[in-house]
Amino acid sequence: MAGTEMPTVYDPGTVEAKWYGYWEKNKFFHTAVEPDREPFCIVMPPPNVTGQLHMGHALDNTLQDILIRWRRMQGFNALWLPGTDHAGIATQAKVEEQLAREGLSRHQLGREKFLERAWAWKEQYGNQITNQLRRLGASCDWDRERFTMDGGCSGAVLEVFLQLYNKGLIYRDYYITNWCPRCQTTISDIEVDHQDRPGHFYYIKYPVKNSGEYIPIATTRPETMLGDVAVAVHPGDARYGHLVGKNILLPVAGREIPVIEDEYVDPEFGTGAVKITPAHDPNDFEVGMRHRLPQVQVINRNAVMTGEAGKYAGLDRWDCRRRLVKELDSLGLLIRVEDHTHAVGHCYRCSTVIEPMLSKQWFVRMKPLAEPAIRVVKDGRLRFVPERFTRVYLNWMENIRDWCISRQLWWGHRIPVWYCGDCGEMTVAKIPPDQCSSCRGKKLEQDPDVLDTWFSSALWPFSTLGWPQKTLDLAYFYPTSVLVTGRDIIFFWVARMIFSGVEFMDDVPFREVLIHGLVLDALGRKMSKSLGNGVDPIDVIESHGADSLRFMLVTGNTPGNDLRFHFERLDGARNFANKIWNASRFVLMNLYDFDSGQDLSRENMTLADRWIYSRFHRVAEVVTRNLENYDMGEAARVLYEFIWNEYCDWYIELAKPRLYGGDSGDRAATQYVLADILRGTLELLHPFMPYITEDIWQRLPVHKGRTIMKAAWPVPEKWSLDQEAEGHMELLMEIIRSVRHIRSEMNVSPGKKAEILIEAPEDGPREMIQKWSGYVETLATGNVLVQPALAGKPDQAAHAAVGGVEIYVPMKGLIDVSQESSRLARELAAVERDLAKVRDKLSNQSFLSKAPAEVVEKERSKETGLSVKQMSIAKRLKMLGN
RNA sequence: GGGUGCAUAGCUCAGUGGGAGAGCACUACCUUGACACGGUAGGGGCCAUAGGUUCAAAUCCUAUUGCACCCACCA
């Protein structure tokens, strides 16, 4: 318990090792329904089971842990529900990699065996990330840990699919979707990452049949011309009007295709004529539907040219492009090639260029689901923090398109639809049906596809609480209190949870969404595997401690903004932890003879005691308010400043002489205040730095065997707010600072005691200064003499004027009068500059009449203070002979 | 094409209507009975540019410039 057992340098490793297991074993994180207590609930964004904790997770979970620990201390029944995500594409890719190392492919293995491998993989690696979250200090209820593919969540997925299907909100269609040739699956529109890429505009002659004319076509993807089925021009375009209805002899392919008119064509862009390839372009697909054109597929699922591509069959799409352009050129059909930068769709997982591809897929009809999801946000039933993300959300929801939910993967929730081999009818069911719902045939085959991973995460806030059962958990904890997540998954996840919650629970999934930014590297780039610029949170925890990492991630940045990762800032956080450690070490070292049963009598409090209580009172209020506003960074900053600049720099320093030099009553009282403020401060800091605060808190005499996690959040009593004490301390601090300034300027050696003459008028703070002059003596190193009026002003003395008080530091023979004069002259000039500004304001009639009274009053008192200061410095200067 | 964010000390960033701030870096001094991962004192900024609103603007409005990001089917 005693501080002497504490090393002088804080070692996060040994401290952190002590506490997580203790918390978890004692079930301090566990929460059950308690109807008389108010719930506070956060569901954790489930990290992928493939996962390695990254800085984004560290930030996200630190923010959540702060909120949860704080609310728990406030007395809420606080549930933080953790879990992991099966992450279809990502996990399947990992398992396939593993197989590849054994020389196997998933197809060789077969679906069933492959899934066994995937589950084994999940069992082996799925816990890695949750253990890393433990290192971070995350106080989530592991008893309730869930997985998107566990029985409950899978049941919820089936139920949702069925309900949406029965409402006509899920349909299957032959449509053009985004195909990733590498992942070998369709992906949804938001999974396509559009990046501007330098490319080319190829101008190609399309000869009109039986005419010497040709239509110039500009395209960025010449290889798709092999699948062209028409050329479209804008209706009424004078250039091409006479050709509409005629046929084009499609170069190379040698097919005939019609010239048609369609509003889609922009006559201003390119050549005003567009080649139509319904099988390989979403716009052309639409045009093709309107004109009942055929769909000629020339590129297959491996991005290789099909048999329809004639002699180009079997070539990779880029190879085909190169060779085809060459051929067109040699045929004299290539007009020119221009550089052209355009947005190219890439797979967000693997960055492969997406190929628009025709296939039968499942979709969710979004419009009917979006509307109520827009309403709950507009009505304010669900609030985004920061508020600006509301627009991002609404904008997307209002322009939403149907969601392609089928994936050609094996790892995931298999689509609960069976096709009849006899009549072709679909049967949708939660349990595998034994006969066709239409013809009762037995030849049923289940749809081979699985659902988009986000389909199950969309249900997370209620599937994890027991839905579709009507559980007590759901009734008690839903809607959850707040969702904390990064701005990069507002569309992927937040939006989908909102419409799902509204649809199936008839209520918002959470009342507030706290959006934070991304963690960038020191150069402001996104941390990514390919750049190799990621910083591993576990490495940081090992070098600097989890508390430091948490503190660093939370400070020095505004809600919603991105955050750059700087090791200097991490060092700063570690130094802060060390400061706390050593301040506590000092306090604990001095508590060996402390009678913890004793209470402090307020009458015996010193000015410093009253001041530190008052400051603590304000800090507790501000920290609480900032947390209420989700302003964790500001709360942390306020605590940092209080601990370092007030508790350590002033209070502890003032406590020392009273601890060692006073009587036993003084010592006891000082011990009491030191420990009491330390206790309260640790409690305020605990949500941010859980380990170090627990460790120190339990060392305090009365806390042995209790946990800070269950301590009550500090709500200071009214008496502790003491404006007078704050004012008095401020004046004394100014006096001390000015004496120190003088000493430093005059090169007085730090150990040497100075004579400090303070001239304070009788009607002013004289008595107060006299009473607490010991503070000045200790902290400015000197002997203080306070007098109403000095008989003779010492000429061999440095001078300062502070708050209506004159300070002289006599220095026999040390004062260089001219040096002192110029120092004072500089100070006088500064004072006069300020004074002029203030007087300017006060002579302005409109300021006096329009500014609020307290602002005017403030300026008046500033003027008084400054003019007193000006006069005394001027007098002093005159005395010195200037 | 539409939208958002950012621009403040050498660096990284707070502050968002009434006295320009912090951390790091820098200068000088200090091993003072918690801490050199420390202490004390200090230097350093027309708060991007141009207008406007206001008694008062780094802070609100408009425009401009630069940087970053998001959305969008113009071949």
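So that the names make sense, note that chain A is the first sequence line, chain B the second, and so on, each numbered from 1. What you are looking at is a predicted structure, and each value in this text was computed from that prediction instead of being measured.
- With rounding to whole Å, Ile276(A) atom CD1 is found 17 Å from C73(B) atom P.
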Show me the donor-acceptor pairs within less than 3.5 Å that the side chains of residues 259-274 of chain A make with the rest of the protein, sequence neighbours left out.
residue	atom	partner	partner atom	Å
Glu261(A)	OE2	Gly236(A)	N	3.4
Asp262(A)	OD1	Tyr264(A)	N	2.8
Asp262(A)	OD1	Arg290(A)	NH2	3.0
Asp262(A)	OD2	Arg290(A)	NE	3.1
Asp262(A)	OD2	His291(A)	NE2	2.7
Asp266(A)	OD1	Glu268(A)	N	2.9
Thr271(A)	OG1	Pro216(A)	O	2.6
Thr271(A)	OG1	Ala273(A)	N	3.3
Thr271(A)	OG1	Ala273(A)	O	3.4

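- Taking only side-chain nitrogens and oxygens, Asn399(A) never comes nearer than 4.0 Å to OP1 or OP2 of C71(B).
- At G39(B), one or more side-chain N or O atoms of Trp644(A) fall inside 4.0 Å of OP1 or OP2 (strictly under the cut-off).
- Spacing of P atoms, C6(B) relative to C61(B), comes out at 12 Å, to the nearest Å.
- Set against A34(B), A75(B), A22(B), the side chain of Glu641(A) has A22(B) as its closest nucleotide.
- Nucleic acid contact class of Asp649(A) (heavy atoms, under 4.0 Å, all strands): sugar-phosphate only.
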Base versus backbone protein contacts along nucleotides 1-17 of chain B [heavy-atom cut-off under 4.0 Å; B, S, -]: --SSSS-----SSSS--

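- At least one cation-pi condition fails for Lys579(A) and Tyr10(A): the charged atom is not both under 6.0 angstrom from the six-membered ring centre and inside a 45 degree cone around its axis.
- Distances were taken from every side-chain heavy atom of Asp266(A) (C-beta onward) to each of A41(B), C74(B), U40(B); the shortest belongs to C74(B).
- Residue Arg487(A) is in sugar-phosphate contact alone, with no base atom involved, counting any heavy-atom pair closer than 4.0 Å across all strands shown.
- The nearest whole Å value for the distance from the CD atom in Glu653(A) to the C1' atom in A34(B) is 9 Å.
- Arg839(A) places none of its side-chain heavy atoms less than 4.5 Å from the side chain of Leu842(A).
- Counting heavy atoms from C-beta on, the side chains of Ile692(A) and Trp581(A) come closer than 4.5 Å.
- Side-chain contact between Arg743(A) and Thr781(A) is present, with heavy atoms from C-beta onward closer than 4.5 Å.
- For the P atoms, the distance linking A75(B) with U4(B) amounts to 24 Å, nearest Å.
- Annotation: salt bridge (charged side-chain N to carboxylate O under 4.0 Å, His left out) contacts involving residues 387-398 of chain A, sequence neighbours excluded, comprise Lys378(A)-Glu398(A).
- Judged by distance alone, the side chains of Gln671(A) and Asp593(A) do bring a donor and an acceptor atom under 3.5 Å apart.
- Atom CD1 in Ile742(A) sits roughly 18 Å away from atom P in U40(B) (whole-Å rounding).
- Rounded to the nearest Å, the gap between the C1' atom of G43(B) and that of C26(B) is 8 Å.
- Side-chain nitrogen and oxygen atoms of Arg740(A) include none within less than 4.0 Å of the OP1 or OP2 phosphate oxygen of G42(B).
- Stem analysis of RNA chain B (at least three stacked-register Watson-Crick or G-U pairs, each with both distances under 3.5 Å) gives B:1-7 with B:65-71, B:10-13 with B:21-24, B:26-30 with B:38-42, B:48-52 with B:60-64.
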N/O to N/O distances under 3.5 Å, protein versus nucleotides 55-62 of chain B:
residue	atom	partner	partner atom	Å
C55(B)	OP1	Lys850(A)	NZ	2.3
C55(B)	O2'	Asn844(A)	ND2	3.2

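- Counting only heavy atoms from C-beta on, Thr219(A) has its side chain closest to A75(B) among A34(B), A75(B), C37(B).
- In this structure the side chain of Tyr203(A) never reaches within 4.5 angstrom of the side chain of Val337(A), judged on heavy atoms.
- In this structure, the side chain of Asn582(A) does not engage the main chain of Arg585(A) through any donor-acceptor pair within 3.5 Å.
- Between U8(B) and G45(B), the two P atoms lie 15 Å apart (nearest whole Å).
- With C1' as the reference atom, G44(B) and C11(B) are 13 Å apart, rounded to whole Å.
- Residues Arg197(A) and His346(A) bring a donor and an acceptor atom of their side chains to less than 3.5 Å of each other.
- The side-chain heavy atoms of Glu542(A) and Pro12(A), taken from C-beta on, include no pair separated by under 4.5 Å.
- Computed from coordinates, the Asp521(A) CG to A68(B) P distance equals 14 Å when rounded to whole Å.
- Heavy-atom distances to RNA chain B give each of Phe491(A) and Gly270(A) a nearest nucleotide, and the one nearer the 5′ end belongs to Phe491(A).
- Distance check on atom C1': C47(B) versus A14(B) gives 13 Å, rounded to whole Å.
- Using a 4.0 Å heavy-atom cutoff across all strands shown, Lys858(A) reaches no nucleic acid atom at all.
- At least one side-chain heavy atom of Leu848(A) sits under 4.5 Å from a side-chain heavy atom of Arg860(A).
- Counting non-hydrogen atoms under 4.0 angstrom, Arg401(A) reaches the backbone sugars and phosphates but no base.
- Phosphate contact (OP1/OP2 of C69(B), side-chain N/O of Lys526(A), threshold under 4.0 Å): absent.
- Between Phe576(A) atom CZ and C24(B) atom P the separation is 13 Å, expressed in whole Å.
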Per-nucleotide protein contact string for nucleotides 27-33 of chain B (B base, S sugar-phosphate only, - none; heavy atom under 4.0 Å): --SS--B

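- Taking the C1' atom of each, A22(B) and A9(B) are spaced 11 Å apart, rounded to whole Å.
- Separating the C1' atom of A48(B) from that of A41(B) is a span of 34 Å, rounded to the nearest Å.
- If you measure from atom CH2 of Trp581(A) to atom P of G38(B), you get 17 Å, rounded to the nearest angstrom.
- Tested against Asp284(A) for a side-chain contact (heavy atoms from CB on, under 4.5 Å), the candidates Ile276(A), Thr224(A), Val229(A) yield a single pass: Ile276(A).
- Nucleotide G19(B) holds its P atom 20 Å from the CD atom of Glu832(A), rounded to whole Å.
- Atom CH2 of Trp396(A) and atom C1' of C69(B) are 18 Å apart (whole Å).
- In this model, no donor atom of one side chain and acceptor atom of the other lie less than 3.5 Å apart for Thr864(A) and Lys862(A).
- The distance between the ring centers of Tyr348(A) and Phe492(A) falls below 6.0 angstrom.
- Of all nucleotides listed (A20(B), A75(B), A34(B)), A34(B) comes nearest to the side chain of Ile652(A).
- Within the nucleic acid shown, Arg743(A) has no heavy atom closer than 4.0 Å to any nucleic acid atom.
- Closest contact between the side chain of Lys862(A) and the listed nucleotides G38(B), G19(B), A34(B) involves G19(B).
- Looking only at atom types and distance, the side chain of Glu191(A) has a donor-acceptor partner in the side chain of Ser188(A) under 3.5 Å away.
- Remark: Arg487(A) fails to qualify as a cation-pi partner of Trp396(A) under the 6.0 Å distance and 45° angle criteria applied to the six-membered ring.
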